[in-house]
Amino acid sequence: MIKKLRKKPYIWFLMPGLILYSVFIIYPIFAAGQLSLYYWNGIGEKVFVGFQNYIDLFTNKDLMSQMMNALRHSLTIFALTVCIAIPVQVTMAYMVYSKAKGGNYFQVAIFSPQFISTPVIVFIFTLIFDGNIGIVNKLMEVAGLGAYTRSWLGIPQYGIYIVWAMITWAGIGVGMMYFIGAMKMIGRDSLECAYMEGAGFWKRLWYIILPQIRMTILNLVLVSYIVSMTIFDFSYILGGTSGGINRNVDVMSLFFYRMAFGDTNPLGGNVSANSMGMGTAVACVLFLMIFMIALLQLLLVYRKEED
């Protein structure tokens with residue numbers, strides 16, 4: 001064994017990271033999978049029930065309704081991010097990369113919300129959409145649209161869109177920085193040639209920039225999916241453990257938290273007799289949802305690199 005390690009010294013550099021990764025990532029995943037096969041509340045005796053927790057999750061009407069509602073909201077956040085936020089991030093990054101007037105100030109201003117804590121962001125948006133003092137209603141009144149003012153936070157169907165707006169405002173600068181970095185790796189020669197051929201500002205973005213940063217876009221799409229499936233704090237602070245009015249801001253991570261750690265749920269009581277068993281079952285289902293999409297993305301990346 002020692003001789004093999006001497007022949008391959010790079011293994012010594014990999015081992016510390018591999019050990020830490022195995023202890024803090026790999027082991028907890030398998031431990032959660034094992035725990036999901038038990039009926040347990042986290043304190044008393046564990047009772048092995050096999051796949052009964054998964055059967056209950058997908059056959060209990062109330063549980064299934066809550067999970068599908070949370071999944072629909074998470075996918076809504078993902079779809080809005082891909083269709084709206086990412087194109088905006090690419091556009092802003094291109095403006096900064098092209099050294100548009102005021103680009104440096106623009107870059108700092110867009111990235112600055114990253115330094116504001118989540119509770120403060122939720123508080124700011126609560127004030128913005130408040131029915132009495134919110135700036136949204138005030139602007140609508142100034143514009144002569146007073147008849148359309150609403151108590152926006154009290155309308156269930158708007159809740160998840162407000163959550164998405166908070167997430168986007170807080171994190172849009174991060175994606176912009178990714179795209180700026182990708183654009184800086186593009187050779188200036190191709191852009192200069194396109195300019196000499198008469199390609200305008202936006203044509204250079206469409207025909208030169210976008211094809212060369214497509215892998216970065218694909219990676220950001222995957223990151224957006226992971227964030228949308230794991231986002232928790234915004235929904236929790238805005239709507240509490242129950243997920244707001246009629247669970248209008250419920251998301252997958254909040255659904256898991258509610259099953260495992262509290263709130264009245266279909267399993268009975270504030271913390272059910274099977275809170276840990278059902279909670280880890282939900283966590284494993286969420287992990288598989290993320291893992292399968294991530295695996296598909298990796299396959300697409302490797303296929304494109306081979307082509």
Side-chain angles (χ1 to χ4, degrees), residues 10-11 13-37 50-51 53-58 63-64 66-87 89-90 160 164 167-168 171 174-175 177-179 181-182 185 210-233 235 250-257 259-260 277-307:
Y10 61 86
I11 294 179
F13 294 94
L14 297 176
M15 282 181 63
L18 180 61
I19 292 172
L20 290 174
Y21 185 80
S22 300
V23 171
F24 293 104
I25 303 296
I26 302 299
Y27 171 74
I29 290 174
F30 283 98
Q34 181 184 20
L35 190 59
S36 68
L37 304 178
F51 292 99
N53 288 328
Y54 295 95
I55 295 172
D56 291 341
L57 178 62
F58 289 103
L63 276 174
M64 192 63 179
Q66 289 189 40
M67 185 172 72
M68 294 308 296
N69 177 64
L71 179 60
R72 183 172 64 253
H73 288 160
S74 293
L75 292 178
T76 298
I77 292 173
F78 170 63
L80 290 172
T81 301
V82 172
C83 296
I84 299 176
I86 288 181
Q89 288 171 330
V90 171
I160 198 62
W164 172 78
I167 296 170
T168 302
V174 177
M177 297 302 293
Y178 272 101
F179 289 125
M185 297 176 66
L210 289 181
Q212 298 191 62
I213 65 168
R214 63 184 184 277
M215 297 311 301
T216 303
I217 295 174
L218 187 60
N219 289 332
L220 260 293
V221 169
L222 175 62
V223 171
S224 299
Y225 176 75
I226 294 173
V227 169
S228 66
M229 297 299 287
T230 58
I231 197 72
F232 169 80
D233 45 358
S235 291
D250 199 13
V251 288
M252 285 299 293
S253 292
L254 185 56
F255 171 62
F256 153 73
Y257 179 86
M259 291 298 101
M278 183 58 70
T280 51
V282 174
C284 289
V285 170
L286 179 57
F287 167 76
L288 288 175
M289 289 179 180
I290 296 173
F291 178 76
M292 295 304 294
I293 297 299
L295 184 62
L296 177 62
Q297 191 261 358
L298 288 174
L299 292 175
L300 290 174
V301 169
Y302 285 127
R303 182 172 296 178
K304 286 182 178 294
E305 288 180 351
E306 289 178 358
D307 294 340

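What you see is a predicted model; the values in this text were computed from it and never measured. Reckoned from all heavy atoms, side chains included, excluding hydrogens, waters and symmetry mates.
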- Note on the structure: Residue set satisfying side-chain hydrogen bond (donor to acceptor under 3.5 Å, both in side chains) with Ser36, at least two apart, ordered chain then number -> Tyr54

- Kindly write out the residues that satisfy ring-ring contact (aromatic ring centres under 6.0 Å, His included) with Tyr257, not counting sequence neighbours, or none if the list is empty. Phe232, Tyr236, Phe261

- Decide yes or no for Val227 and Ile77: does some side-chain heavy atom of the first lie under 4.5 Å from some side-chain heavy atom of the second? no

- Task: Tell me, please, which residues at least two apart from Phe287 pass ring-ring contact (aromatic ring centres under 6.0 Å, His included).
- Result: Phe291

- Item | Side-chain heavy atoms of Phe78 within contact of Val221, under 4.5 Å | yes

- Task: With the side chain counted from C-beta on, respond yes when Val282 and Asn53 share a heavy-atom pair under 4.5 Å apart, and no when they do not.
- Result: no

- Query: Can you list the residues that meet the side-chain hydrogen bond (donor to acceptor under 3.5 Å, both in side chains) rule with Ser224, with sequence neighbours excluded?
  - Reply: none

- Item | Nearest-0.5 Å distance, OG1 of residue Thr168 to CD1 of residue Ile86 | 10.0 Å

- Query: For the residue pair Ala32 and Thr280, what are the closest heavy atoms and their distance?
  - Reply: O-CB, 3.8 Å

- Query: With a 4.5 Å heavy-atom cut-off, do Trp164 and Ile84 have their side chains touching?
  - Reply: yes

- Looking only at heavy atoms, what is the nearest atom pair of Asp250 and His73, with distance? O-ND1, 2.8 Å

- Query: Excluding sequence neighbours, so at least two apart, what forms side chain to side chain contact (heavy atoms under 4.5 Å, CB included) with Leu222?
  - Reply: Ile226, Ile293, Ala294, Gln297

- Note on the structure: When rounded to the nearest 0.5 Å, the distance separating CG of Leu288 from CG of Leu295 is 11.5 Å

- Message: Quick one, Asn69 and Arg72 - any side-chain contact, counting heavy atoms below 4.5 Å?
- Response: yes

- Decide yes or no for Tyr178 and Val174: does some side-chain heavy atom of the first lie under 4.5 Å from some side-chain heavy atom of the second? yes

- Query: After noting the C-alpha distance and the side-chain angles of Met278 and Leu63, does the key distance pass the side-chain contact (heavy atoms from CB on, under 4.5 Å) rule?
  - Reply: CA-CA 10 Å; Met278 183 58 70; Leu63 276 174; 4.1 Å; yes

- Which residues pass the side chain to side chain contact (heavy atoms under 4.5 Å, CB included) test with Met289, sequence neighbours left out? Leu71, Tyr225, Met229, Met252, Val285

- Message: Looking at every non-hydrogen atom in both residues, tell me the closest pair between Pro28 and Ser22 and how far apart they are.
- Response: CD-O, 4.3 Å

- What residues, two or more places apart in sequence or in another chain, satisfy side chain to side chain contact (heavy atoms under 4.5 Å, CB included) together with Ile25? Tyr21, Ile29

- Please list, chain by chain and in numerical order, all residues satisfying side-chain hydrogen bond (donor to acceptor under 3.5 Å, both in side chains) with Ser74, sequence neighbours excluded. none

- Query: Minimum heavy-atom separation for Ile160 to Thr76, with atom names?
  - Reply: CG2-CG2, 4.3 Å

- Task: Give, for atom CD1 of Ile231 and atom CD1 of Ile167, the distance between the pair rounded to the nearest 0.5 Å.
- Result: 4.0 Å

- Item | Any residue meeting side chain to side chain contact (heavy atoms under 4.5 Å, CB included) with Ala283, in chain and number order, not counting sequence neighbours | Phe256

